[in-house]
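Data first, discussion second: the structure below is written as C-alpha cells.
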Amino acid sequence: MEYNFREIEQKWIKEWRKRETYKVTEDPSKEKFYALSMFPYPSGAGLHVGHPLGYIASDIYARYKKHQGFNVLHPMGYDSFGLPAEQYAIETGTHPAETTEKNIARYREQLDKLGFNYDWSREVRTSDPSYYKWTQWIFKQIFNSWYNNDTKKTEPIATLIEKFNANGSYNVNAAQDEEWFKALDLEKFPFFGEYFVGEFTATDWQSMNEEQQQLILMHYRLTYLANSWVNWCPALGTVLANDEVKDGKSERGGHPVVQKLMRQWSMRISAFAQRLLDDLDTVDWSDSIKEIQRNWIGRSKGASVKFIVAGHSETIEVFTTRPDTIFGVDFVTLAPEHPLVNVVTTAEQKADIAAYVQSASLKSERDRQSDVKNITGCFTGAYCEHPFTGKQIPIWIGDYVLASYGTGAVMAVPSGDQRDYDFATHFKIEITAIMEGADISEQADASKDKPLMNSDFLNGLKGKKAVNAAVSAIMDKDAGRGKVQYRLRDAVFSRQRYWGEPVPVYFKNEIPYLIEDDQLPVTLPPIDEYLPTEDGDPPLARAKKEDWDVFEGDRMELNTMPGWAGSSWYFLRYMDPHNTEEFVSEEKMKYWNQVDLYMGGAEHATGHLLYSRFWTKVLCDLGHLSFNEPFKKMINQGMILGRSSILNRDKANPNTYVCVSHLEDYNEKFPSPEYKTVDERFQKLRIDIHLTDNDSLDKEGLKAWQKEYFNAEFYPKDSGFSCGHEVEKMSKRWYNVEDPSVLCDKFGADTLRCYEMFLGPVEQSKPWDTKGINGVHNFLRKLSRLYIDKEGVLLVTDDAPSKDSMKTLHKTIKKVTEDLNRFSWNTVVSGMMIATNELTEQKCHSRAVLETLTLLLSPYAPHLAEELWEKLGNSDSVTTQEWPVFDAAHLVESEIHYPVSFNGKMRFKISLPAEFTKDQVEEAVLAYEKTAQYLPDGKPKKMIVVPGRIVNVVV
RNA sequence: GCUCGAGUGGUGGAAUUGGUAGACACGCAAGACUUAAAAUCUUGUGCCUUAUGGGCGUGCGGGUUCAAGUCCCGCCUCGAGUACCA
C-alpha cells in the first residue's frame, strides 16, 4: 500500500511517547505561547466528531507556533465533577469516581488516536483531591475577602476589620446588599435598637462578641452564606445557577425549576459587574460573546427615586432609567412580593390584594413570562406623594413588575413606557401627556428627543439635559439620586449534591468557620446512597463523623460546590500541575501568563467564561496573579451537525417503506382513504446513518439492524432505494452520531484532522458529511506519492528544483503562513491541495522543495509529516524544525496576465511584460486585436490601469 | 420585541485592502482500463441561449464608483442570544 496510514500513525504515536516529543518545560530564553481548548466533561457517550473540531484547530495552531520558535503550552484535562456520573450512581450504586475513571479512559483512548501534541504530564482533573485541594483554597481566599468600592478592588477581610476597629462602619464603602441590615437577626444585637440602618461605631464593633462579629462580617465577605431566592430543581434535588436555567427549565434534563428561599453560599460577582463590563474591551473575543456578556451583566443608568406613602412613615423606592419623565408618573406599581404590599394596603382592598398576591404566587416564573399579553394587577387603595407636585399617586401591584430586579417597584409613566401604557389603559387610569408633539392616543412614546411639557422646571428640555436636570432636582429634594443598576445577580455556590468539591467549612453554633490550610483537601467521604436524606439534607449528611477525613466543630458543610468551581481556574493549574505548596508558583504563573488562544464553545458565555473572569480578578486583586483577564483571545468553534437518514413508512401499511423519490407516485397508485396527502401518509423514521450511503439504503442491513424491520417491504421493490435526510444536532437518539475513532481507523487521524478543518471556518456550524472525506484522503495520498512510489521506494532527488516548483512552494509558504495568522484553518488545506496538484503536474521530486513542504504539512498531518521527514533522512522530529520563510523573489513574474474589462466586465486576458508602465499597458491594450470588438471606434472614454492587477476600459 | 451574526452553483465552501465571482473539494455526467464491478485515471460541470458568440448571475430593491459578494440606504429570510430589566 502506498500510503499506509495505519502503520505510520501507530508508529509515531509510540515514538512520540517514547521520545517525550510533547513534553513542555518553562524556558525563559523563549517567548511563550499558551494555547488552550476547553476541557471536556467525560460523559459516557464518548467523543463524537464535533468535539475534536476545536481541539484540532488549537492543536494545529500550537504546532505552528512551536515551529515559529515559541515555547508552547498546550495541555488537556477533564472537568470531571458533574451530574451524569452522580445520576448513574443513584441508579446503580456505582461510585461516581469509578464511572468517571472509566469514561476518562475512553476519552483518552479516543484523543490519543487524533495525534494531539498535548503534554499529558500536565493533565488535570477537577475531581482529583490534589486538584480540588486548591479549589478549596481559592474558596477560602474569597471567603476571607471583601470588596472595597472606594479602591474598586478585592481586599483581605483584615483590612475591613481594621476599619471597623478604627471607625466602625463609617468610611466603609463595601459591595454588599444595600439593605443587609434587614437580614440581621436583631435579637442577637440588642444594643442596635429598632432604628438600626447598618451603621455602627468602633466601640460597637469592639464590644461585639465573636459570634456577633462573624454575623456582621458575613454580610461583607465575597462568598457569603445567606437566605436567598434560588432556582430549585426538585427533579435534580439541587439548586441551579441562573445560567443553568433555560426558559424556566433546567438546562440539563429539562426539569421544572421553582423559586425557593434557602440558606446558601453565594459569590459576590455583582461587585465586579462594572469591571467585567469594562474589561471586555481588553480581550479579543467574538462580538457575539461580548454582547451576550454585556446583556447578561445588563447595566442601566438612571435614578432611584423615593415616594412617601401617604399616611405612613414608609417610602417606596423605585429605579427608573427615565428620571426626566418624573412629571408623567400616573401611578406606582409594586411587585406582588414587595414587602410594603401588606403595609400600605387599605382595609377595603385587603381581600382583593390578598387574592391577587395568592394567584400571582401560584403562577410559575415561566407562566408569568410567557403570559405577557394578559394584563393583571390590583389597586392597594393607598397613595403616595409626588416628590415635586405633591400629587396623590395611586399605588398598584402588578406581576409585570419583578421582585428580583431593581427595587421591585416602578414609577409608572404610561405616556412614555408601553407596559405602563397598557396597564393604565387596561385599568382606565388617566394618562398625563408630558412630551410636545408626541401622539399617545394609541401607544406610548418612549423617545427622548421631544421637548418636555407639563413638567414644571423641565419644560422645554429634552434628552440628556432633561435627565441631568431631573436628577439634580431629585437630589436637592432629597428624594433620591442617580444610580446605576445591573441585572447581574450574585452566583449561588451551593449544590445539594455528592459529586462535587466539598466546601472547606465547618459549623460551630451554626457559625461557619474555615478548615485550616494544612488540613486541605477536605475529601469526599464515602456514603451508602447518593440521595438526599429523609430529612431533605444533601447526600453528604449520610456521612458519619468518622467517615470524614477532616471533621471540625459540630458538623461539616453538607453542600458541595457547583460545576463551575473547578473550571474557573483550571487554566492556571496546567502551568504547575504538581505543585503541592501553591496552586501555581509565582514564577510559572508569570511565565505562562494569560491564555493566548482559547478555543471552545459559545454556550459557556454566561457561565464558565464569566466566572473565570470573576475569579481571575479576585486572585489578581489579592496579589496571586499578575493579570486581570484569563483569556486574551478566544475563538468559538461552531457545532458540527449530524445528517440523519430518514426512512418513509406508509402509515396505512406499516410494514412498507417507500423510496423518497417515489412518495407521490406511490400515494397516487395506492390511495389511502385515511391519509390523503403525502405529508399525512408517511411516518418519518430515523435510521442508523451507517445503513445508508449517499442516501441510498442498504436494505439487508436495515432488516438486520432492528427487529421491526426484519420483514420490511420496499417500494419500489427491485430498483435502488433512497432515504431522505435531515440536518440536526448529533445525538444518539437520532442515530446520526459519527465516532471519530471509526473514521480514524478507516482513513487515519491525519485525514480526519485535515477534513474537519477543510469543512469550513471553525466558527461556523455546519453539517457533517462523510462523503467529502475521500477527497481529503486522496490529497494526502497524492502528496505522499511525491516522496515515495507505490512500492514505497523513495523518489526524492537532490536535483535543483524547477523555477515553477519554487514558485509553487513559496506561494504556498505565503498562503499557509498568512492564513494561519488570521486563524483561517480551512483555506490552508485547499492551499496545500493546490500545491500538491501543481507539484504532481510538475513531476517535482526535489528535496529542496519537498523538505519544506513537509514542514508546512506538519501541523495538519503530523504523523505523515513525521514519517516523510524521517524518510528524507532526518533523525530529529519534524516538530522541532523552524517554520519556512517566504521569499518573494520566487514569485516575481516577467509577464503579467492582465484581465481586461470593458465597463467593468472582464472580456479577455492579455499577457504583458511586468515592467510596462501605465501608458505602455494602455497602448498595448488599445493595439490588441480583440479590443476592437468591444471598442469599435478605438477611442475609450477613459482607461483605468492598475499596474500589475487590472485594466478597465470605459466605453 | 430588542441585540448580534449570516444569506454566493446540486453540496461544503473560496475570493485577506472595492480590482478576473465560484478557488479547492464533494456530487453529477461522459470517456479510459476491465468479462463485469469496485478502485483508479482523463475530460466536462453557475444559469439561460439561436453556442468559436451573447445575455443573466453573490437573498430583494435602490445608491456611490471606471469597477461592488465586498461600501452606503431601505426591505426580506434564516440562525444565535435575550426578554414584562422599569
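Naming convention: chains lettered A, B, ... in sequence-line order (proteins, then strands); numbering from 1 in each chain.
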Verify ring pair (Phe, Tyr, Trp, His ring centres under 6.0 Å) between A:F423 and A:F331, making sure each step is shown before the conclusion.
-> CA-CA 10 Å; A:F423 194 87; A:F331 55 102; 5.4 Å; yes
Just to be sure I understand the rule, does [X] reach a base, reach only the sugar-phosphate, or reach nothing, if contact means heavy atoms closer than 4.0 Å?
X: A:R487; result: base
X: A:E818; result: base
X: A:Y934; result: sugar-phosphate
X: A:K290; result: nothing
X: A:N952; result: base
X: A:I944; result: base
X: A:N774; result: nothing
X: A:R299; result: nothing

Between A:R949 and A:Y898, what is the shortest heavy-atom contact and its length?
->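 Reported closest heavy-atom pair: N-CE2, 3.7 Å.
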What nucleotide among [options] has an atom nearest to a side-chain atom of [X]?
X: A:T321; options: B:A15, B:C4, B:A86; value: B:A86
X: A:N837; options: B:A25, B:C66, B:G54; value: B:A25
X: A:P899; options: B:G57, B:C66, B:U20; value: B:U20
X: A:D287; options: B:A23, B:C4, B:C85; value: B:C4
X: A:F758; options: B:U82, B:G81, B:C24; value: B:C24
X: A:K905; options: B:C56, B:U20, B:G12; value: B:C56
X: A:R907; options: B:G55, B:G12, B:A23; value: B:G55
X: A:D399; options: B:G19, B:C84, B:G81; value: B:C84
X: A:Y405; options: B:G19, B:G13, B:C85; value: B:C85
X: A:R419; options: B:A86, B:C4, B:A25; value: B:A86

Would you verify whether the NZ or CZ of A:R613 falls within 45 degrees of the ring axis of A:W296 while also being under 6.0 Å from that six-membered ring's centre?
->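 Checked: cation-pi criterion not met.
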Between A:Y486 and A:R949, just flag the one whose closest nucleotide in RNA chain B comes earlier from the 5' side.
->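 On the 5' side of the pair lies A:R949.
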Closer to the 5' end of RNA chain B via nearest nucleotide, is it A:T827 or A:R489?
->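 The residue mapped nearer the 5' terminus is A:T827.
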Counting only side-chain nitrogens and oxygens, does [X] get under 4.0 Å of the OP1 or OP2 atom of [N]?
X: A:K766; N: B:G12; result: no
X: A:R294; N: B:G81; result: no
X: A:Q418; N: B:C84; result: no
X: A:N903; N: B:A67; result: no

Interatomic distance where [atom1] belongs to [X] and [atom2] belongs to [N] [whole Å]:
X: A:E756; N: B:A25; atom1: CD; atom2: P; result: 20 Å
X: A:M943; N: B:C66; atom1: CE; atom2: P; result: 16 Å
X: A:I289; N: B:U82; atom1: CD1; atom2: P; result: 11 Å
X: A:N295; N: B:G5; atom1: CG; atom2: P; result: 12 Å
X: A:F423; N: B:C84; atom1: CZ; atom2: C1'; result: 12 Å
X: A:K918; N: B:G19; atom1: NZ; atom2: P; result: 17 Å
X: A:M906; N: B:A67; atom1: CE; atom2: P; result: 17 Å
X: A:F747; N: B:A25; atom1: CZ; atom2: P; result: 17 Å

Taking atom [atom1] in both [N] and [M], what distance in whole Å separates the two?
N: B:C71; M: B:G7; atom1: P; answer: 11 Å
N: B:A51; M: B:C66; atom1: C1'; answer: 31 Å
N: B:A37; M: B:A32; atom1: C1'; answer: 16 Å
N: B:A39; M: B:U50; atom1: C1'; answer: 43 Å
N: B:G12; M: B:G63; atom1: C1'; answer: 34 Å
N: B:G31; M: B:C47; atom1: C1'; answer: 26 Å
N: B:U8; M: B:G69; atom1: C1'; answer: 7 Å
N: B:A6; M: B:U58; atom1: C1'; answer: 13 Å

Taking Watson-Crick and G-U wobble pairs with both distances under 3.5 Å, convert RNA chain B into its dot-bracket string, 5' to 3', dots for unpaired and | for cross-strand pairs.
-> (((((((..(((......[....)))((((((.......))))))((((...))))..(((((..]....))))))))))))....
Find the distance between CE (A:M634) and CD1 (A:I289) and round it off to the nearest 0.5 Å.
->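 So the CE of A:M634 and the CD1 of A:I289 are separated by 4.5 Å.
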Sort out for me which residue in A:V953, A:I950, A:V951, A:N952 forms a side-chain contact (heavy atoms from CB on, under 4.5 Å) with A:I944.
->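 That would be A:N952; it is the only one of A:V953, A:I950, A:V951, A:N952 passing the side-chain contact (heavy atoms from CB on, under 4.5 Å) with A:I944.
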Please say which of A:V329, A:I434, A:T432 ends up in a side-chain contact (heavy atoms from CB on, under 4.5 Å) with A:S415.
->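 The residue from A:V329, A:I434, A:T432 that satisfies side-chain contact (heavy atoms from CB on, under 4.5 Å) with A:S415 turns out to be A:I434.
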Solution key, residues 599-608 of chain A side-chain donor-acceptor pairs under 3.5 Å, sequence neighbours excluded:
| residue | atom | partner | partner atom | Å |
| --- | --- | --- | --- | --- |
| A:H608 | ND1 | A:S567 | O | 3.3 |
| A:H608 | ND1 | A:S612 | OG | 3.2 |
| A:H608 | NE2 | A:Y598 | OH | 2.7 |

Short side-chain donor-acceptor distance under 3.5 Å, [Y] and [X]:
X: A:E841; Y: A:N837; value: no
X: A:S286; Y: A:E763; value: no
X: A:S270; Y: A:Y486; value: no

Does a side-chain N-to-carboxylate-O contact under 4.0 Å join A:R781 and A:D750?
->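 Salt bridge between A:R781 and A:D750, a charged N being under 4.0 Å from a carboxylate O: no.
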Just say parallel, tilted or perpendicular for the rings of A:F886 and A:H810, cut-offs at 30° and 60°.
->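 Judged by the thresholds at 30° and 60°, the geometry between A:F886 and A:H810 is tilted.
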For the pair A:F902 and A:F908, name the ring-plane relationship: parallel under 30°, tilted 30 to 60°, perpendicular over 60°.
->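 Rings of A:F902 and A:F908: tilted, as their planes differ by 30° to 60°.
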A:T407 side chain to A:E317 main-chain N or O, any donor-acceptor pair under 3.5 Å?
->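 Yes; at least one donor-acceptor contact below 3.5 Å.
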Would you classify B:A6 as syn or anti? Syn applies when the glycosidic angle is within 90° of 0.
->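 It is anti.
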State the syn/anti category of B:G9 according to its glycosidic angle, syn meaning within 90° of 0.
->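 Here B:G9 takes the syn form, which means its glycosidic angle is within 90° of 0.
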Where along residues 775-785 of chain A does a heavy atom fall under 4.0 Å from RNA chain B?
->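 Only A:G775, A:N778, A:R781 qualify.
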